[in-house]
Amino acid sequence: MSDRLPGFSTLAVHAGAQPDPTTGARATPIYQTTSFVFNDADHAASLFGLQAFGNIYTRIGNPTNAVLEERVAALEGGTAALAVASGHAAQVVVLQQLLQPGDEFIAARKLYGGSINQFTHAFKSFGWNVVWADPDDIASFERAVTPRTKAIFIESIANPAGSITDIEAISTVARKAGVPLIVDNTLASPYLIRPIDHGADIVVHSLTKFLGGHGNSLGGIIVDAGTFDWSTGGKYPMLSEPRPEYHGIRLQETFGNFAFAIACRVLGLRDLGPALSPFNAFMILTGIETLPLRMQKHCDNAKAVAEFLAGHPAVASVSYAGLASDKYNQLARKYAPKGAGAVFTFSLKGGYDAGVNLVSKLQLFSHLANVGDTRSLVIHPASTTHSQLDDAAKVKSGAGPDVVRLSVGIEDKEDLIADLEQALGA
Ligand SMILES: *Cc1c(COP(=O)(O)O)cnc(C)c1O
């Protein structure tokens with residue numbers, strides 16, 4: 001082997017995997033088992049005491065899932081990762097390690113609708129208080145910091161409008177506040193943006209979207225950048241204080257720059273239980289092998305569709321950061337030079353009714369609540385994903401009544417444009 005470090009496409013195919021040592025199987029097998037036999041009593045005791053790494057029970061870890069974890073950690077440039085059952089499970093497990101009841105975290109207001117719900121309602125019942133900030137106004141993050149702030153949460157490419165977040169500027173705020181920056185990188189995928197290169201301390205994904213990429217399997221993942229010092233000021237006791245469930249060890253002291261990933265596994269996943277099925281891990285691994293090819297096609301198609309819409313008389317405006325005229329184009333050139341993603345919004349001159357009408361007339365675009373499928377998807381956020389918000393909050397989060405969101409797939413762009421043309425014209 002040469003000294004060359006493998007490139008992104010090579011990692012997407014190979015990272016974390018090797019031929020199965022017992023059978024020679026080249027594809028990663030699905031280890032469809034709940035539990036694993038110990039060598040002897042000492043081995044069992046050392047696994048339970050975190051003195052040795054190994055398999056115990058699939059709620060805590062599984063060899064198929066481990067390949068997925070190593071692969072995504074490599075693609076994101078992190079030290080370690082933990083796969084869980086869904087993107088939302090990843091968010092719960094991350095914040096459980098960071099917040100005590102009564103603590104706060106700051107979140108960008110432009111987020112996936114489900115995250116807005118989760119942060120506002122479910123997390124409130126845990127005593128975790130979200131404070132909203134505007135990703136287009138960096139000073140709003142600074143103003144939101146209090147002594148109880150424990151983390152900042154943003155999306156790299158933000159739902160629903162595909163706006164680009166200035167990760168470096170917000171990471172500077174996080175560093176000054178002494179709190180980790182968590183970046184939801186679902187809409188970009190590491191092919192377009194690697195948040196750790198721009199100052200993120202933790203990356204989360206819904207694997208359900210572009211990483212899995214085929215609309216067939218739910219999953220989530222947490223990537224530890226290994227950059228944050230958890231010992232300062234006793235702010236993060238889950239990581240810095242002795243753990244009674246593990247003979248009093250301190251996770252940061254014992255595991256160093258992958259202590260956060262370990263905490264997520266042995267305190268979060270073990271006790272909360274949202275384990276990823278090894279079958280789903282296999283499906284998502286297969287998806288990741290073609291991530292670079294798919295993502296480039298998604299972006300190229302999205303740009304062509306956005307350009308078509310921008311020139312159509314029924315369309316009032318298009319919000320796609322890949323268009324030279326877009327207000328996020330400068331940030332897109334800096335953070336996502338290969339393409340500005342495939343999820344974006346446009347607004348119709350005919351308002352709410354025109355949005356509902358368009359969605360019902362499209363044939364190739366499927367009307368559903370998902371993004372990041374090979375197939376092209378469409379939704380009218382105001383009547384669906386963002387319907388729980390009041391009108392002012394809808395507009396603020398980019399989901400006004402006249403707005404339609406697309407997730408552009410990898411079909412032929414001419415067919416996608418023809419479908420939009422017939423639906424807009426009719
Ligand atoms: C879908 C999505 C989530 C939630 O992921 P699930 O796998 O559905 O739980 C979180 N963030 C973003 C940006 C998403 O698109």
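Whatever order the structure lists them in is the order used to number ligands and atoms, beginning at 1.
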Lys297, NZ atom: more than 12 neighbouring heavy atoms under 6.0 Å: yes
Ligand-residue contact atoms, ligand 1 with Gly219, heavy atoms, under 4.0 Å: 7 (O)
Check: Leu95 and Ile182 side chains under 4.5 Å, non-hydrogen atoms: yes
Ligand 1 contacted by Gln91 (non-hydrogen, < 4.0 Å): yes
Protein contact to atom 11 (N) of ligand 1 [nearest heavy atom, distance to 0.1 Å]: Asp184 OD2, 2.7 Å
The single option from Asn185, Thr186, Thr165 passing side chain to side chain donor-acceptor pair (under 3.5 Å) against Ser156: Asn185
Between Glu307 and Tyr320: side-chain donor-acceptor atoms closer than 3.5 Å: no
Phe48 atom CZ, over 12 foreign heavy atoms within 6.0 Å: no
Ring-face cation contact, Phe344 with Lys303, 6.0 Å cut, 45° max: no
Residue, atom name and distance, where the atom is the protein heavy atom closest to atom 1 (C) of ligand 1: Lys209 NZ, 1.4 Å
Atoms of ligand 1 close to Glu155 [distance to a heavy atom under 4.0 angstrom, numbered from 1]: 13 (C)
Nitrogen or oxygen of Thr208 less than 3.5 angstrom from that of ligand 1: yes
Nearest-contact summary for atom 6 (P) of ligand 1 - protein heavy atom, Å: Gly87 N, 3.4 Å
Contacting atoms of ligand 1, where contact means under 4.0 angstrom from a heavy atom of Ser86: 7 (O), 9 (O)
Protein residue, atom and distance nearest to atom 9 (O) of ligand 1, heavy-atom basis: His88 N, 2.9 Å
Distance flag, aromatic centroids of Tyr352 and His380, threshold under 6.0 Å: yes
